[in-house]
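Data first, discussion second: the structure below is written as structure tokens.
What you see is a predicted model, and the numbers here were worked out from it, not measured in a lab.
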Amino acid sequence: MEAEIRKLNPESEYYTPEQCFINELSNGDNDPGVSIALATVKPGITTRWHRLHGTTERYVILEGEGLVEAGSLNSQKLQKGDVVLIPPLCRQRISNIGNQDLVFLAICSPRFRLENYEDIEDEA
């Protein structure tokens with residue numbers, strides 16, 4: 001691995017079927033141990049139930065208010081600075097319960113790969 005600076009490119013943001021916007025800040029073969037994405041959930045939106053195979057995910061709340069449901073935990077209200085640790089295969093979803101965008105980092109280890117994502121909305 002070489003030292004590198006990766007600049008935020010707002011034009012790289014895309015909308016997912018999970019119902020959130022994602023901007024992959026760092027996710028590549030040259031750094032397979034971790035990925036970092038900037039996620040945005042609009043007010044009133046709840047993402048789809050999903051889980052990741054072989055991947056631990058962390059949410060780091062940057063802006064807004066959310067409600068997270070993960071595994072067997074009771075629903076928890078989230079605000080700026082809160083961190084959610086989500087182990088592999090743990091069902092999860094997050095809701096924006098505020099009136100501004102809910103913005104958070106999604107940090108995955110090893111790095112996020114689409115083939116590890118499973119939508120389980122119909123099972124929930």
Side-chain angles (χ1 to χ4, degrees):
M1 179 189 320
E2 298 285 328
E4 180 182 351
I5 304 294
R6 297 182 179 163
K7 299 283 191 172
L8 174 65
N9 179 0
E11 294 177 11
S12 295
E13 183 178 74
Y14 59 93
Y15 188 73
T16 70
E18 187 183 325
Q19 302 186 61
C20 67
F21 292 88
I22 294 289
N23 191 325
E24 295 280 356
L25 303 178
S26 182
N27 188 354
D29 291 334
N30 61 342
D31 186 12
V34 68
S35 64
I36 305 168
L38 186 62
T40 302
V41 178
K42 295 294 184 183
I45 297 296
T46 298
T47 63
R48 294 176 62 84
W49 281 110
H50 65 285
R51 62 182 166 212
L52 300 178
H53 293 262
T55 305
T56 299
E57 188 168 22
R58 297 138 192 99
Y59 293 164
V60 181
I61 307 303
L62 302 176
E63 298 176 18
E65 293 180 277
L67 186 71
V68 71
E69 298 168 272
S72 61
L73 293 176
N74 291 327
S75 299
Q76 297 286 315
K77 187 174 179 182
L78 302 172
Q79 59 189 9
K80 182 178 179 176
D82 290 343
V83 176
V84 181
L85 178 63
I86 307 165
L89 295 177
C90 183
R91 75 184 198 127
Q92 57 177 294
R93 71 179 180 177
I94 192 166
S95 302
N96 183 338
I97 59 171
N99 56 13
Q100 68 179 56
D101 288 351
L102 174 62
V103 181
F104 58 97
L105 295 176
I107 303 170
C108 293
S109 60
R111 77 181 182 97
F112 177 81
R113 294 166 102 33
L114 187 56
E115 59 265 24
N116 293 349
Y117 177 92
E118 181 182 8
D119 183 302
I120 56 171
E121 182 72 23
D122 295 334
E123 298 174 21

Under 4.5 Å between side-chain heavy atoms, counting indirect links through other Ile/Leu/Val/Met/Phe/Trp/Tyr residues: same cluster for [X] and [Y] or not?
| X | Y | result |
| --- | --- | --- |
| Tyr15 | Leu8 | no |
| Ile45 | Ile61 | yes |
| Ile36 | Val83 | yes |

Show me the pairs that pass side chain to side chain donor-acceptor pair (under 3.5 Å) and involve residues 66-78, at least two apart or across chains.
Glu65-Lys77, Glu69-Arg93

Residue pair [X] / [Y], side-chain heavy-atom distance below 4.5 Å:
| X | Y | value |
| --- | --- | --- |
| Phe104 | Ile94 | yes |
| Pro110 | Pro32 | no |
| Leu62 | Lys80 | no |
| Leu102 | Leu78 | no |

Strictly by salt bridge (Lys or Arg N to Asp or Glu O under 4.0 Å), give each pair with a member in residues 47-56 just once, sequence neighbours left out.
Arg48-Asp119, Arg51-Glu118, Arg51-Glu123

Show your reasoning for whether side-chain hydrogen bond (donor to acceptor under 3.5 Å, both in side chains) applies to Ser35 and Arg113.
CA-CA 9 Å; Ser35 64; Arg113 294 166 102 33; over 6 Å; no

Minimum heavy-atom separation for [X] to [Y], with atom names?
| X | Y | answer |
| --- | --- | --- |
| Gly98 | Pro43 | O-CB, 3.5 Å |
| Gly33 | Ser109 | O-CB, 3.2 Å |
| Ile97 | Gly66 | CD1-O, 3.7 Å |
| Asp31 | Ser26 | OD2-OG, 4.1 Å |

Just by modelled atom types, is the [Y] backbone N or O under 3.5 Å from a matching donor or acceptor in the [X] side chain?
| X | Y | result |
| --- | --- | --- |
| Thr55 | Phe112 | no |
| Asn23 | Asn9 | yes |
| Thr40 | Phe21 | no |
| Asn96 | Gln100 | yes |
| Ser12 | Pro10 | no |

Between atom [atom1] of [X] and atom [atom2] of [Y], what is the distance when rounded to the nearest 0.5 Å?
| X | Y | atom1 | atom2 | result |
| --- | --- | --- | --- | --- |
| Leu25 | Arg6 | CG | CZ | 9.5 Å |
| Cys90 | Leu85 | SG | CG | 9.0 Å |
| Ile86 | Gln92 | CD1 | CD | 4.0 Å |
| Glu2 | Asn30 | CD | CG | 9.5 Å |

Go through Thr16 and Thr47 one step at a time and tell me if the side-chain contact (heavy atoms from CB on, under 4.5 Å) criterion holds.
CA-CA 10 Å; Thr16 70; Thr47 63; over 6 Å; no

Run the side-chain contact (heavy atoms from CB on, under 4.5 Å) check on Leu52 and Leu89 step by step: do they pass?
CA-CA 5 Å; Leu52 300 178; Leu89 295 177; over 6 Å; no

Relative to each other, are the rings of His50 and Tyr117 parallel, tilted or perpendicular (30° and 60° limits)?
parallel

Going through the distances and angles, do Glu57 and Ile107 end up as a side-chain contact (heavy atoms from CB on, under 4.5 Å)?
CA-CA 6 Å; Glu57 188 168 22; Ile107 303 170; over 6 Å; no

Set out, in order, the CA-CA distance, both residues' side-chain angles and the distance that settles side-chain contact (heavy atoms from CB on, under 4.5 Å) for Val34 and Arg111, then state yes or no.
CA-CA 4 Å; Val34 68; Arg111 77 181 182 97; 5.9 Å; no

How about CG on Asn99, more than 12 heavy atoms from neighbouring residues, nucleotides or ligands closer than 6.0 Å, or not?
no

